[in-house]
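For the numbers below, each heavy atom of this structure counts, side chains included, while hydrogens, waters and symmetry mates do not. Order of appearance sets the numbers: ligands from 1, and atoms from 1 within every ligand.
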Amino acid sequence: MGSKSGAGASCAPPLLELAGVTKSFATTVANDDISLSIAPGEIHAILGENGAGKSTLMKMIYGVLAPDSGRIRWQGEDVLMRNPAQARSLGIGMVFQHFSLFETLTVAENISLSTSQSAAKLSPRIAEIGNRFGLPVDPSAMVHSLSVGQRQRAEIIRCLLQQPKLIIMDEPTSVLPPSGIPPLFDTIRKLAEDGCAVLFISHKLEEIRALCHRATIMRAGKVVAAVDVATQTNRSLAELMIGREIPQPSRTPAKPGKRPALEIRALTHEPEDPFGTRLEGIDLVLHPGEIVGIAGVSGNGQKELAAILSGETSLSRAERDRVRINGESCGDLGPGQRRKLGLSFVPEERNGRGAVPEMTLVQNALLTAHPLGMVQKGLIARRDARAFTEHCISAMNVRCSGAAAEARSLSGGNLQKFIVGREIRLQPKILIASQPTWGVDIGAAAAIRQELIRLRDSGVAILVISDELEELFEVADRLQVLFRGRLSPSVDRADANSSLVGEYMTGGFLQQRIDSEAVAA
Ligand SMILES: Nc1ncnc2c1ncn2[C@@H]1O[C@H](COP(=O)(O)OP(=O)(O)OP(=O)(O)O)[C@@H](O)[C@H]1O
């Protein structure tokens, strides 16, 4: 992905230094005696398993959390980072994974909300910064019309307007299609050449090796290594991070059943959300004992398709035949009724949909697992609920303080592992999993994929909707691609390669369809 440049290798005095920084939450020591230094122009990776303490550390640097002990020095001076406003005034910016842009405003209007300047005054500045750092985005474009990559550029420009000396980027590539990653890296390199330091969090070792100068590796709240990235391989970084090699899932060919477990027939659906994607002519068949992967750049109808399948979007009675579970028409059934038919579901958003952050893990387990005998005569069978929760925790190696922990106290990846584990343990006949390993570290992602394959081998029909092509190549027996609300033909795993799927991801199959219709006519 290009060469590394910038001042990262120079001996400039540190921009940011942490010494002995410690932060605990009740009995969990999230950051234990952390020391770290970053030079101007350095692209510095923070690497670690889920729950290693990366986000806690970033929150302290950005003033969201205060350390219990230790020192933060900024440009040679001790600072007490009281809040993000103070961090920004010192020159520390942060680009979050989740964008905070209003869909119905333009880029310039959105950015003007965080400054004292009008959208009209800001527009030329936005264009100028865009040109300088390779972030082309039209200041007058409405946010709802922008791709994910363009939205991210707007977020980065908003951050750059404050002329930061250090930018924290929390898994910035996780929201991008593969084609969006090289331009983002070009921008980050330009920033580094300009003297801006970048703290880059990612679980993807290839990306870290392509982009970063140095990496700090964390394990269980401690720094276990600080390395020059050029001296490392994927394998050595993985070993530093998880203490062993990256596990590779093993699999045998699928033996799908004959009768479909789940079908969608000739479905066209107009979304209620004015910025949603219309689904058009969707045909999908899923058999017991197979994994079908739905690939595509997010925003092409994945959310709408998942909602139609889970029952969060239910169809009219007249259209109930369009969705069938084990041959039974169910298009007009809600999520609870579909769960009774044997469907379980891992939604894309873990907070608020996959789990309720303020509730404990036991309560979150009860939300979907109560039909497994956890409510008897109207009363909660607490012991059973607790045992089920503890089983999910241990089977998925969820790092948390126990079944009574609130969901919000778990790191993102650990909560994801819990939700996937809960849905798998419902003994479903059909599992729909949207972005099942999103934000999950490489070791845990491999474990989740292996679980999906094991479930398939036990005869469960599985649909995986994922932005990550590598993940789909690893788990799926067949692949289909969503593009602008249309589903491509199904491709067997053996025939699927990145160039064919890449072509489908940009709508290549639509042209093939037009050509074959023309031949038939
Ligand atoms: N507000 C909180 N209350 C209680 N525990 C917390 C809180 N925030 C974080 N923790 C705990 O601190 C530890 C570190 O969490 P952190 O979110 O920093 O990890 P992470 O490395 O960013 O993980 P991930 O890769 O999953 O995002 C975890 O054990 C987590 O459960």
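Of the protein's non-hydrogen atoms, the one nearest atom 9 (C) of ligand 1 is F25 CE1, 3.5 Å. Nearest non-hydrogen protein atom to atom 11 (C) of ligand 1 is S409 O, 3.7 Å. In terms of protein heavy-atom proximity, atom 22 (O) of ligand 1 is nearest to S55 OG, 2.7 Å. The shortest contact between atom 25 (O) of ligand 1 and any protein heavy atom is with K54 NZ, 2.7 Å. Shortest contact from atom 12 (O) of ligand 1 to any protein heavy atom: A30 CB, 3.3 Å. At the top of the distance list for atom 23 (O) of ligand 1, counting protein heavy atoms only, stands G51 N, 2.8 Å.
Ion pair E474/R493 not flagged as a salt bridge, since none of the NZ, NE, NH1 or NH2 atoms sits closer than 4.0 Å to an Asp/Glu carboxylate oxygen. Salt bridge R151/E155: absent, no basic N to carboxylate O contact under 4.0 Å. Salt-bridge annotation for R71 and E17: absent, with no side-chain N of the basic residue lying under 4.0 Å from a carboxylate O of the acidic one.
Residue L361 holds its CG atom at 7.5 Å from CG of L415, rounded to the nearest 0.5 Å. Separation of atoms CG (N83) and CG (L65) is listed at 12.0 Å; rounding is to 0.5 Å. Atom CZ of R353 sits about 6.5 Å away from atom OG of S310, to the nearest 0.5 Å.
Each of the following atoms of ligand 1 lies closer than 4.0 Å to a heavy atom of G412: 26 (O), 27 (O). Atoms of ligand 1 lying under 4.0 Å from any heavy atom of S411, numbered from 1 in the order shown and given with element: 15 (O), 16 (P), 17 (O), 19 (O), 23 (O), 24 (P), 26 (O), 30 (C), 31 (O).
Between S100 and R158, the side chains place a donor N or O and an acceptor N or O closer than 3.5 Å (distance only, hydrogens not considered).
Note: no N/O pair closer than 3.5 Å links G48 and ligand 1 by distance alone. Residue-to-ligand polar distances keep G439 apart from ligand 1: every N/O pair is separated by 3.5 Å or more. For ligand 1, one of its N or O atoms has an N or O atom of G413 under 3.5 Å away. Considering backbone and side-chain N/O of G53, one or more are found under 3.5 Å from N/O of ligand 1.
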Item to check | Check against salt bridge (charged side-chain N to carboxylate O under 4.0 Å, His left out), E451 and R425 | outcome: CA-CA 11 Å; E451 277 283 290; R425 267 153 202 84; 3.2 Å; yes

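Heavy atoms of H203 come nearer than 4.0 angstrom to ligand 1 in at least one pair. For the pair E49 and ligand 1, a heavy-atom separation below 4.0 Å is found. Using a 4.0 Å heavy-atom cutoff, A52 is listed among the residues neighbouring ligand 1.
Pairing each heavy atom of D441 with each of G443, the nearest pair is OD1-N, 3.0 Å.
The heavy atom nearest to atom 16 (P) of ligand 1, considering only T28, T56, N50, is found in T56.
You'll find the side chain of Q416 stays beyond 4.5 Å of the side chain of T437, heavy atoms only.
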